[in-house]
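Working notes, beginning with the structure itself.
Residue numbering restarts at 1 for every chain, and letters A, B, ... go by the order of the sequence lines.
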Number of protein chains: 2
Amino acid sequence: MKVLLVEDDQFHASYMEDVLVETLPEVTQIFHAQNGDEAEQEARAMAIDAVVMDLRMSQRNGIEAARTLWQERPETRILFWSNYADEAYLRGISAIVPEDSAYGYLLKTAPRDRLKLALRAVLIEGQIMVDREIHRLQRAKGQPRTSLDDSEYAVLLDLAIGLQDRLIAERRGMSLRTVQNRLLSLYDKLGVDDAHEDLPINKRVRALNRALVTRTLNIETLETAQRDFDRWQAGRG
Amino acid sequence: MKVLLVEDDQFHASYMEDVLVETLPEVTQIFHAQNGDEAEQEARAMAIDAVVMDLRMSQRNGIEAARTLWQERPETRILFWSNYADEAYLRGISAIVPEDSAYGYLLKTAPRDRLKLALRAVLIEGQIMVDREIHRLQRAKGQPRTSLDDSEYAVLLDLAIGLQDRLIAERRGMSLRTVQNRLLSLYDKLGVDDAHEDLPINKRVRALNRALVTRTLNIETLETAQRDFDRWQAGRG
DNA sequence: ATCCCTCTTGCGGGTTCCCGCAACACTTCT
DNA sequence: AGAAGTGTTGCGGGAACCCGCAAGAGGGAT
């Protein structure tokens, strides 16, 4: 079995390689990539079907690389391995994982045993596995009261790249007032509170701020949202 | 000589310890801390005067910890050691470094030799040293045309936490119109462009977005800006 | 079918934002 | 001193935003 290890931190990479050879005798070859672009090329060239992927990388991040990989070969098994428990990453992943694909999400701080377990479960057995720790950490961040539904999240992304209500309405096929209703519930769920000692605030900016601080969005999310918008924008005269 | 190593990634910590003992025979003891809070306690308890500090940590980030350390003992020598070349970090550091203090900023990707050099230059010789690589990487990010001056940056922080023009004016002691002038130049420098195919945008949100994407701000900056504001807010009726 | 609940949409108006214009400072150069 | 440049401030108005209110439009449950 061939495994592709996508990781730009050399220490983490060599640790993972260690654990891989120790844990999975099935593995015959380990390929390396430093970023998303290299990962795609390697995977294509070597017909890889098992990947361990860091999420935060310089060029092209793990989620975008994974999307391409899965588009080409949906049966690819991917274990995401990250320092961060951002909801943004989880949401990004679940937005691109195909029907019936095996994947996992593990924190880099996970003990060696749990890493071994996850490697076997995801890469060999084709299971789905998400580190419990992730949800625990998210709770500690003081995250939104209730989680956002898909349409709220979509509007949040549009808000975050600076679109005006009218344009959001057009893009998402809602009326202007409906967009504003979504914004209202966003403000509510993100804890955008006009109160705070009768201090008036700019709700729009505050919403983005809160989304970032609660790790509902992160900077990479903003970048990919922008690219998605540009693509949509390009295909419509 | 006692050195405090503040780093929450065990691989990086042990690598750094390695290099420390190999490079600096002057070092007699190495203490460890996992986050900013521990760092402060250790430094106080052990009368530390040389620190190697990661910037991105869970509890309290490196910059805030450094501020406290330097307040208590301005002669402390600190080498910041980070994965990221965010302008936000650089600006945060130069905002808190005391007159005549020795510090350095090095990327974790720096080769071992450069790390050795920086360790000796900063911790032993008391020099100031900033990795050239940092500026190179920043340029690659498509950063703002010209860099922001201090008053523009202050207004940007206020905007980023969601304050309205009026409140910014009050806090910074400017007139409303002056705040708006600052915003205008911010929009310009951050590349907030109304154009883009005659698509109207929300400039305020867009400014925050651009500041984040160009790494002028990062999420931790938002968090500390909020704390600063709360403190200001507490001390005034 | 009727009632109830949720979601959507239009309307209206109060507020904030964005910014051109013009009047002053204040500095600097000649 | 005079001129020319730069930064600050007030005024005014058009556009965008926020949101209460109320009229539908579906979707279950009884």
Identify the pairs formed between an N or O of the protein and an N or O of nucleotides 6-8 of chain C at a distance under 3.5 Å, and give each distance.
from: dT8(C); atom 1: OP1; to: R182(A); atom 2: NH2; distance (Å): 2.8
from: dT8(C); atom 1: OP2; to: R182(A); atom 2: NH2; distance (Å): 2.3

Write out a two-atom table: protein N or O, nucleotide N or O from nucleotides 11-16 of chain C, distance below 3.5 Å.
from: dC11(C); atom 1: N4; to: R177(A); atom 2: NE; distance (Å): 3.3
from: dT16(C); atom 1: OP1; to: R166(B); atom 2: NH2; distance (Å): 3.4
from: dT16(C); atom 1: OP2; to: R166(B); atom 2: NH2; distance (Å): 3.0

Quiz item: Please, which pairs that meet salt bridge (Lys or Arg N to Asp or Glu O under 4.0 Å) have at least one residue in residues 93-104 of chain A, sequence neighbours excluded?
Solution: none

Practice problem: Looking at every strand, decide which applies to L176(B) at a 4.0 Å heavy-atom threshold: base, sugar-phosphate, or nothing. | Solution: nothing

Exercise. Round to a whole Å and report the spacing from CZ of R206(A) to C1' of dC18(D).
Key: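 Taking CZ of R206(A) and C1' of dC18(D), I get 17 Å after rounding.
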
Self-check item: Between dC18(C) (C1') and D188(B) (CG): distance, integer Å
Solution: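 Result: 15 Å.
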
Practice problem: Measure across L117(B) and M129(B) and return the closest heavy-atom pair with its distance rounded to 0.1 Å. | Solution: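 Closest approach of L117(B) to M129(B), heavy atoms only: CD2-CE, 4.0 Å.
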
Contacts of type side-chain hydrogen bond (donor to acceptor under 3.5 Å, both in side chains), residue [X], not counting sequence neighbours:
{"X": "T109(A)", "answer": "none"}
{"X": "Q71(A)", "answer": "none"}
{"X": "R77(A)", "answer": "none"}

Can you list, pair by pair, the side-chain donor-acceptor contacts under 3.5 Å of residues 151-163 of chain B, counting residues two or more places apart and other chains?
from: S151(B); atom 1: OG; to: R182(B); atom 2: NE; distance (Å): 3.3
from: S151(B); atom 1: OG; to: R182(B); atom 2: NH1; distance (Å): 2.9
from: E152(B); atom 1: OE1; to: D149(B); atom 2: N; distance (Å): 3.0
from: E152(B); atom 1: OE1; to: K189(B); atom 2: NZ; distance (Å): 2.8
from: E152(B); atom 1: OE2; to: S185(B); atom 2: OG; distance (Å): 2.9
from: E152(B); atom 1: OE2; to: K189(B); atom 2: NZ; distance (Å): 3.3
from: D158(B); atom 1: OD1; to: R171(B); atom 2: NH1; distance (Å): 2.6
from: D158(B); atom 1: OD1; to: R172(B); atom 2: NH2; distance (Å): 3.1
from: D158(B); atom 1: OD2; to: R172(B); atom 2: NE; distance (Å): 2.8
from: D158(B); atom 1: OD2; to: R172(B); atom 2: NH2; distance (Å): 3.4

Exercise. Could you tell me which residues satisfy side-chain contact (heavy atoms from CB on, under 4.5 Å) with E40(B), sequence neighbours excluded, listed by chain and number?
Key: R44(B), R60(B), A65(B), T68(B), L69(B)

Quiz item: Closest to the L184(B) side chain: dC18(D), dT9(C), dC19(C)?
Solution: dC19(C)

Self-check item: Upstream residue (5' side of DNA chain D) when Y187(A) and V179(B) are each assigned their closest nucleotide
Solution: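 Result of the comparison: V179(B).
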
Practice problem: Keeping to residues at least two apart or across chains, list the ring pair (Phe, Tyr, Trp, His ring centres under 6.0 Å) pairs with something in residues 208-234 of chain B. | Solution: F229(B)-W232(B)

